[in-house]
Amino acid sequence: MDSPSCDGHTLTPHLGRRFTDSDVSAEAAQSVSLRSSRMECSLAAGLEELCPVCGDKVSGYHYGLLTCESCKGFFKRTVQNNKKYLCAESRVCSIDVTQRKRCPACRFHKCLHVGMRLEAVRADRIRGGRNKFGPMYKRDRALKQQRRALIQAAGFRTDSGPPLGSTQHRALTFTGDLRCAPILHCTAQHERISYQPPSLCSLLPPDSPNQAQWASSSNWTIKSEPAISSAAVMPSDQLFSLSPRAPRTPQLVTEFVRCDPDELQLQNAVAARLLQEQHGERHGGAGTFRGMCLMADQTLFSIVEWARTSIFFKQLKVNDQMKLLHSCWSDLLLLDIISRQVLHGKEGRLLLVTGQEVELCDVASHAGVTVAGLVQRGQELVEKLLLIKVDRQELACIKFIILFNPDVKQLEEHHFIEGVQEQAEGALLEYTLCSSSHLHGRFAHLLLCLSELRSLSALAEEYLHCRHLGGEVPGNNLLMEMLHAKRSWA
DNA sequence: ATAGCCTTGATA
DNA sequence: TATCAAGGCTAT
């Protein structure tokens with residue numbers, strides 16, 4: 001694997017920047033009266049599942065995963081009859097329970113994207129029996145069961161626990177190990193700033209002798225060998241923070257939040273760096289496509305830096321670190337933008353990583369049909385998250401769930417990575433059950449939003465690749481490395 | 001064409 | 001033998 005641009009770790013010592021996100025596409029915060037029907041659907045408990053395609057009630061495992069009856073039927077009809085659909089819009093239609101009939105093309109695309117399996121539809125149409133996915137379904141059930149047991153073992157009740165929404169806008173606490181280091185490594189030559197973009201490989205530190213050590217400040221133990229269902233196990237007395245300010249917040253959630261960079265410092269760093277990058281260049285302003293690419297590139301640096309200094313990730317070998325980042329960069333990039341709108345954004349405006357604000361109507365009017373569609377769906381996602389009042393704790397968990405993806409191929413430390421993801425999911429589930437007794441199914445709603453986020457980021461990536469083929473994306477940067485890396489081993 | 005309900009049959 | 005994910009049927 002490995003990026004072809006991996007040429008050593010020479011730039012590693014310089015990388016002390018700490019900030020996060022921004023992006024290429026867009027979305028915005030706009031408080032709109034969302035359909036309340038979905039929120040009202042009485043899910044019996046936080047563990048109830050929603051169809052990852054449309055959000056309807058799940059009826060069982062169908063073609064590889066838990067879906068509703070209608071998407072099961074739709075997928076079957078489409079595959080059996082070899083149907084070809086065409087999207088009348090720009091192939092980025094939003095699919096939910098009320099709109100799923102409107103665009104079969106995008107619905108089928110989403111079916112595939114969330115993981116429905118073509119090969120589970122039988123060519124011979126023979127009924128009954130089981131297929132090869134049986135063991136997979138069983139393992140999935142066992143995992144869900146184990147998470148339930150984990151929560152019960154922690155002795156927590158679903159009908160208790162104060163809401164934590166009040167902490168939503170509290171400033172992040174800085175931690176000592178996030179160094180504030182030189183932002184730029186530019187060499188001025190003949191009035192022009194020449195910046196040598198480091199490759200991802202060089203951003204990540206070389207494997208260090210002590211990397212096998214666990215995070216020094218914590219007691220987390222993720223077993224790297226597969227225990228029962230390879231789940232990571234944490235003693236139940238460590239599950240919740242004892243802090244009086246955040247009662248019954250799982251300690252791991254607190255740890256995840258602590259890894260997040262500070263928004264203000266991030267703004268300053270990215271803005272300063274963009275200024276340097278754009279020096280001497282024309283057509284690089286924030287309003288241009290090229291400007292957006294530069295901003296996305298800078299955000300990627302911050303994401304790499306966040307990952308590099310984060311709990312669990314810093315313990316991985318560089319090869320696995322690179323594989324994980326190559327796999328999920330666009331999800332993290334989009335989540336960064338979405339999070340910014342949800343936590344800090346204003347209605348009708350797009351808040352950039354630099355702190356600048358753009359009118360959403362301006363974005364829509366200047367964009368092509370594809371970008372406008374992406375922006376629209378991004379907005380809808382922001383609205384959904386605002387409606388359920390997602391908070392920083394939950395977003396921090398989601399970042400780790402995205403990063404520690406055990407489905408990435410050829411991971412050396414697969415079991416460890418799987419264990420971390422399970423821990424992160426478990427922590428999020430516990431947190432949602434503790435903090436939102438008023439809203440059943442919050443966890444499932446968050447996972448549904450994650451599914452939508454992944455779907456959107458895949459579309460944005462496709463779009464970016466098209467623009468790249470047209471020679472419109474500035475090259476020789478981290479953004480391009482990511483774009484190529486994923487495609488080279490996908 | 002959709003989606004809720006029905007029938008089937010290999011596997012645990 | 002019970003389970004449950006396949007495919008089938010049919011009112012809308």
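Numbers restart at 1 for each chain; the letters A, B, ... are given by sequence-line order, proteins then strands.
- Across all strands, A:K83 comes closer than 4.0 Å only to sugar-phosphate atoms, never to a base (heavy-atom distances).
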Atom pairs and distances, side-chain donor-acceptor, residues 466-473 of chain A, under 3.5 Å, sequence neighbours left out:
residue : atom : partner : partner atom : Å
A:R467  : NE   : A:E472  : OE1          : 3.0
A:R467  : NE   : A:E472  : OE2          : 3.2
A:R467  : NH1  : A:Y463  : OH           : 2.4
A:R467  : NH2  : A:E472  : OE1          : 3.0
A:H468  : NE2  : A:H484  : NE2          : 3.0

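- Checking the phosphate oxygens (OP1, OP2) of C:dA6, a side-chain nitrogen or oxygen of A:N131 falls inside 4.0 Å.
- Closest to the side chain of A:P104, from the set C:dA6, B:dT2, B:dA3, is B:dT2.
- We find that A:R442 and A:E394 are joined by a salt bridge, their nearest charged nitrogen and carboxylate oxygen being less than 4.0 Å apart.
- If you find the closest nucleotide of DNA chain B to A:K101 and to A:E69, the one lying nearer the 5' end belongs to A:K101.
- One finds no side-chain N or O of A:Q80 lying less than 4.0 angstrom from the OP1 or OP2 phosphate oxygen of C:dA6.
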Find every protein N or O atom lying less than 3.5 Å from an N or O atom of nucleotides 9-12 of chain B, and list the pairs.
residue : atom : partner : partner atom : Å
B:dG9   : N3   : A:G129  : N            : 3.0

Validation: residues 65-74 of chain A side-chain donor-acceptor distances under 3.5 Å, sequence neighbours left out:
residue : atom : partner : partner atom : Å
A:E69   : OE1  : A:S59   : OG           : 2.9
A:E69   : OE2  : A:K72   : NZ           : 3.0
A:S70   : OG   : A:R100  : NH1          : 3.0
A:S70   : OG   : A:R100  : NH2          : 3.4
A:S70   : OG   : A:R107  : NH2          : 3.3

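- Side-chain to base pairing of A:K57 with B:dG4: no donor and acceptor N or O lie closer than 3.5 Å to each other.
- Rounded to an integer number of Å, the gap from A:D124 CG to C:dG7 C1' is 10 Å.
- In this model, the phosphate group of B:dT2 is approached by a side-chain N or O of A:R77 to a distance below 4.0 Å at OP1 or OP2.
- For A:K76 against C:dG8, a side-chain-to-base donor-acceptor contact under 3.5 Å is present.
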